[in-house]
Amino acid sequence: MEVKVLNISGKETGAKVQLPEAIFGVEPNDHAIYLDVKQYLANQRQGTHKSKQRNEIAGSTRKLHKQKGTGGARAGSIKSPLFNGGGRIFGPQPRDYSFKLNKKLKVVARKSALSYKAKDSNILILDEVAFDSVKTKNYAKMIADLNVSNEKTLMVLPAINNNVYLSSRNLKKVKVITAAELNTYDVLNAGKLLLTLDSVKILEEALAK
């Protein structure tokens, strides 16, 4: 797949890049995408939820009234889950939500997500992205010149660039990551994928295995 290369002003540089078919032109595997996204979202969960069971509630364990003859149900303790302030039945407990996925499956998922983006022509290739200083208006002008201001965008840089990253933080629907951090969820969550030439090379080395 051949794509024209743009500069940060949204103008064509005259160059073109051939996106590798092995990464951007594979038959998407929806189940691999599902598993990878599921793992990503599971890993975002802290798992620190906690409710108290009846043995953790502060309160008397005295029997509230005699067993029989009251006309009501039996009651052994004010800490029973049936009373206000009692322990919670089957409440949430701290746990780890993460689970393991094979590396090869995660590679298939990322290739599938990138292929979907390429198939829908939602990938823009930039020759280079660099700012002289940290200014939000620099990043805002760039996405305006690229005609993607109204869409969610994912900028993929070859390496950490603080000027670009910090300039993007105050903007909605914008995310900046490095090629090494690329994941299936972010690719699918973005409307447009902005890649630099160097980022494409890094992705090719990482995923074409």
Side-chain angles (χ1 to χ4, degrees), residues 1 3 5-6 8 17-48 95-131 139 142-143 146 148-209:
M1 179 181 178
V3 181
V5 180
L6 309 175
I8 60 175
V17 61
Q18 187 72 30
L19 296 180
E21 287 292 320
I23 298 175
F24 295 89
V26 303
E27 182 65 31
N29 186 322
D30 290 340
H31 189 61
I33 289 175
Y34 160 74
L35 290 175
D36 200 15
V37 170
K38 182 180 179 181
Q39 186 196 47
Y40 176 87
L41 294 175
N43 289 343
Q44 308 307 303
R45 303 185 67 174
Q46 290 185 336
T48 54
R95 58 166 291 192
D96 180 10
Y97 283 92
S98 64
F99 60 93
K100 181 182 179 298
L101 281 182
N102 292 333
K103 290 181 180 179
K104 288 185 178 180
L105 185 143
K106 294 173 72 67
V107 169
V108 170
R110 275 178 283 174
K111 287 182 179 179
S112 299
L114 291 170
S115 295
Y116 268 128
K117 280 288 179 281
K119 181 180 178 181
D120 297 334
S121 300
N122 285 326
I123 295 180
L124 298 180
I125 305 297
L126 306 176
D127 58 351
E128 185 182 11
V129 179
F131 300 146
Y139 200 96
M142 180 186 71
I143 59 175
L146 294 171
V148 292
S149 297
N150 296 324
E151 297 194 59
K152 279 187 177 180
T153 59
L154 178 66
M155 170 68 73
V156 183
L157 300 174
I160 295 173
N161 186 316
N162 282 328
N163 284 354
V164 176
Y165 172 69
L166 294 175
S167 296
S168 71
R169 287 200 305 177
N170 284 338
L171 296 172
K172 293 181 180 180
K173 300 190 293 185
V174 163
K175 186 168 185 177
V176 175
I177 62 173
T178 63
E181 297 171 325
L182 187 79
N183 62 80
T184 305
Y185 176 84
D186 281 339
V187 172
L188 294 176
N189 191 44
K192 293 288 185 181
L193 189 60
L194 310 180
L195 300 174
T196 67
L197 289 173
D198 290 338
S199 295
V200 173
K201 294 177 182 177
I202 293 174
L203 291 177
E204 186 174 6
E205 293 174 2
L207 300 178
K209 295 180 181 179

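Computed from heavy atoms alone, side chains included, the values below leave out hydrogens, waters and symmetry copies.
Listed here is the closest heavy atom pair of V164 and A130: CG2-CA, 4.2 Å. Summarising the geometry of S167 relative to L171, their closest heavy-atom pair is O-CD1, 4.3 Å, with the distance given to 0.1 Å.
The main-chain N or O of V148 is never found under 3.5 Å from a side-chain atom of E151 such that the two would form a donor-acceptor pair. Here the side chain of S199 pairs a donor or acceptor atom with the backbone of V156 at under 3.5 angstrom. Using a distance-only test at 3.5 Å, with no hydrogens or angles considered, a donor-acceptor pair links the side chain of S115 to the main chain of V26.
In this structure, CG in L207 is found 6.5 Å from NZ in K111, a value given to the nearest 0.5 Å. For the atom pair CG of N161 and OG1 of T178, the computed distance is 11.5 Å after rounding to the nearest 0.5 Å. In this structure, the separation between CE on M142 and CG on L6 is 11.5 Å, given to the nearest 0.5 Å. Distance CD1/I143 to OG/S149: 4.5 Å, rounded to 0.5 Å. Between the CG atom of N163 and the OG atom of S168 there is a distance of 11.0 Å, given to the nearest 0.5 Å.
At most 12 non-hydrogen atoms from other residues, nucleotides or ligands lie less than 6.0 angstrom from CG of N150. The local environment of OH in Y97 is crowded, with over 12 non-hydrogen atoms from other residues, nucleotides or ligands closer than 6.0 Å. Atom CG of L41 sits in a crowded spot, with more than 12 heavy atoms from other residues, nucleotides or ligands closer than 6.0 Å.
Inter-residue side-chain proximity for I125 and L197 is flagged as met; some heavy-atom pair is nearer than 4.5 Å. Between L126 and L146, some side-chain heavy-atom pair lies under the 4.5 Å cut-off.
Listed by first and then second residue, the salt bridge (Lys or Arg N to Asp or Glu O under 4.0 Å) pairs that reach into residues 95-104 come to none, sequence neighbours excluded. For residues 18-31, the set of pairs meeting the side-chain hydrogen bond (donor to acceptor under 3.5 Å, both in side chains) definition, not counting sequence neighbours, comprises D30-Y116. Every pair passing salt bridge (Lys or Arg N to Asp or Glu O under 4.0 Å) that includes a residue from residues 31-45 is listed here, sequence neighbours excluded: D36-K106.
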- Query: After noting the C-alpha distance and the side-chain angles of L35 and L105, does the key distance pass the side-chain contact (heavy atoms from CB on, under 4.5 Å) rule?
  - Reply: CA-CA 9 Å; L35 290 175; L105 185 143; 3.9 Å; yes
- request: Check step by step if side-chain contact (heavy atoms from CB on, under 4.5 Å) holds for L19 and L114.
  value: CA-CA 10 Å; L19 296 180; L114 291 170; over 6 Å; no
Please list, one pair per line, the donor and acceptor atoms closer than 3.5 Å that link side chains of residues 185-194 to other protein atoms, with sequence neighbours excluded.
residue: D186; atom: OD1; partner: K175; partner atom: NZ; Å: 3.1
residue: D186; atom: OD2; partner: K175; partner atom: NZ; Å: 3.0
residue: D186; atom: OD2; partner: N183; partner atom: ND2; Å: 2.9
residue: N189; atom: OD1; partner: K152; partner atom: NZ; Å: 3.2
residue: K192; atom: NZ; partner: N122; partner atom: OD1; Å: 3.1

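Partners of F131 according to the ring pair (Phe, Tyr, Trp, His ring centres under 6.0 Å) rule, which considers only residues two or more places apart in sequence or in another chain, do not exist here. With sequence neighbours left out, the ring pair (Phe, Tyr, Trp, His ring centres under 6.0 Å) criterion links Y165 to no other residue.
Each of L154, L203, L157, L182 was compared with L195 under the side-chain contact (heavy atoms from CB on, under 4.5 Å) criterion, and only L203 meets it.
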